[in-house]
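Worksheet: one structure, shown below.
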Amino acid sequence: MDKLVSLCQRRGFIFPSSDIYGGLSGCWDYGPIGIELKRNVKEAWWRDIVQQRDDMVGVDTSILMNSRVWEASGHIASFKDPLVECKNCHLRWKADELKENKCPSCGGALTEERMFNTMFKTFIGPVEEDAAIVYLRPETAQGMFVNFQNVVNTARKRLPFGIAQQGSAFRNEITTGNFIYRVREFELMEFEYFVKPGTQDKWFEYWLNERYEWYQKLGIKKNHLKLHRKKKEDLAHYAIAGADIEYDFPMGWGELEGIASRGDFDLTQHAKTSGKSMEYFDDETKEHYVPYVVEPSLGVGRAILAFLCDAYDEETVNDELRVVFHFHRDIAPIKVAVLPLSRKENLAAFAKDVYDTLRPCFTTQYDDTQAIGRRYRRQDELGTPYCVTIDFQSLEDNMATIRERDSMNQIRVPVAALKNTLLAKLSGEDLFVLPEGGKIWKQGNDG
Ligand code: ATP
């Protein structure tokens, strides 16, 4: 993990928040490479969950909501952790995570447990009084539940269908740590899949399977994933069944995504608290009922950490260490790097032209500093799948070299075919499928 954290800082993936002031625990910033990675992870999820499905629509709801939402959802009463404080150093600990009844930091005696609500509180308007309290949402789910009827009335969807959302959530976690694994401010990607009561078990299994496959489709190794079905006594207050998809993080197995069968708990609670009907009219059976819901919920940061850990690799190439992220092409932050062999004017102009043709299609970097081998290594550390090299021969034959990150094989293709060739490779085509006029250049030789 230490290697990963330092590489992430050094190459512009992730920085500690407010770094120049000593940071803020549980908060991190995404840098120029990290933001591209994050956008790709969110985009891959949105494409597979919303864009490609007829039974899903998206929403984007506000972070601040009427406090009655949290009364209805049970968060004000139940979103709590048992907390103890060290009488000596005053550090606070989550009671259920302690192995012994003394402070892990100084060995001091601990106070009695007291329940601590992990929702962040703030006030609307200038007066800090109870009536003005609002909470920073700890999950995005409630924004989808309270909009259930709005979506049914406008989106022309029949059951089963889902509402999906990505957005920020805040939890005043007592202990944070393991880099971006447990933080206080994070983004969630979650959806509520509404089904006819009685069909929830089938859909729960369906989504477990879909979500498990999703990580593998994006390159996560199967033996790094496992499914943990929750026992009845470990379920959250709203759930009738639940399971976690766990990932083998450097610090051990940890929850990556939680999938909960929430029954009709949320819609029923909102109907009771608001006095508004949350029933659905089933055209086929002519029945009115409150749908059941299955919810897969995933933290963007947790997904990013899993993708980073899984892709990280150290290899020896030509007696030197090569550090490389073998990101899946859809996740890779930079897709293509254009590397002119020299900074000589005519070559630079030629390479800039190539760069300009590729940029509208791919996140592309232009790098003309240092020896070509160093530049390949730099791109490997960013996980860039393809490097395009422009050399002096390019000026004569109008061809460029494409070097593949994982195999380090190279092909040479006409510049006019570069864009379409890269589009095909980034859709999964084998490197050695050549465009007209193309040829295999070098195999496994990184020179
Ligand atoms: P944990 O047991 O790790 O505290 P949880 O069971 O409270 O998680 P859920 O409420 O199910 O988590 O949240 C859904 C998902 O949100 C988790 O699977 C995880 O990916 C992400 N998540 C939850 N809390 C955090 C956090 N503090 N920092 C980063 N991601 C989080």
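Whatever order the structure lists them in is the order used to number ligands and atoms, beginning at 1. Along the sequence shown, residues are numbered consecutively beginning with 1. Just so we're clear, the structure is a prediction, and the values are computed from it rather than from any experiment.
- Looking from atom 17 (C) of ligand 1 to the surrounding protein, the closest heavy atom is Glu255 OE2, 3.3 Å.
- Note: no N/O pair closer than 3.5 Å links Ile180 and ligand 1 by distance alone.
- Scanning the protein heavy atoms around atom 16 (O) of ligand 1, the nearest turns out to be Leu188 CD2, 3.2 Å.
- The shortest N or O to N or O distance between Gly299 and ligand 1 is below 3.5 Å.
- Shown in contact with Gly258 at under 4.0 Å from a heavy atom are these atoms of ligand 1, numbered in order with element: 18 (O).
- Arg377 has no carboxylate O lying under 4.0 Å from a charged side-chain N of Glu320, or vice versa, which leaves the two without a salt bridge.
- For atom 25 (C) of ligand 1, the nearest protein heavy atom (residue, atom name, distance) is Phe186 CZ, 3.5 Å.
- The Glu173 neighbourhood of ligand 1 comprises atoms 24 (N), 26 (C), 27 (N), with distances under 4.0 Å to a heavy atom of that residue.
- Seen from the ring of Tyr376, Arg378 does not count as a face-on cation partner, given the 6.0 Å and 45° thresholds.
- Residues Arg403 and Asn409 are not in side-chain contact: their nearest non-hydrogen atoms beyond the backbone lie 4.5 Å or more apart.
- Of all the listed residues (Arg171, Arg302, Arg182), Arg171 holds the heavy atom that lies closest to atom 13 (O) of ligand 1.
- Taking every heavy atom of Glu257 and a limit of under 4.0 angstrom, the matching atoms of ligand 1 come to 18 (O).
- For atom 29 (C) of ligand 1, the nearest protein heavy atom (residue, atom name, distance) is Tyr181 O, 3.2 Å.
- Separation of the Phe325 and Phe327 ring centroids falls under the 6.0 Å cut-off.
- Inter-residue side-chain proximity for Ile402 and Cys387 is flagged as unmet; no heavy-atom pair is nearer than 4.5 Å.
- Cation-pi geometry between Arg302 and Tyr181 is met: under 6.0 angstrom from the ring centre, within 45 degrees of the axis.
- Contact of the Glu279 side chain with the Val290 side chain is registered, since non-hydrogen atoms from C-beta on lie closer than 4.5 Å.
- Counting atoms of ligand 1 from 1 in the listed order, those under 4.0 Å from a heavy atom of Leu256 are 18 (O), 19 (C), 20 (O).
- On a distance-only criterion, Val183 and ligand 1 share at least one N/O pair closer than 3.5 Å.
- Under 4.0 Å from ligand 1, not a single heavy atom of Asp244 appears.
- The aromatic ring centres of Phe194 and Phe148 sit less than 6.0 Å apart.
- Each of Cys106, Ser105, Pro104 was evaluated against Cys86; a single residue qualifies, Cys106, per the side chain to side chain contact (heavy atoms under 4.5 Å, CB included) test.
- Regarding atom 14 (C) of ligand 1, its nearest protein heavy-atom neighbour is Ser297 OG, 3.1 Å.
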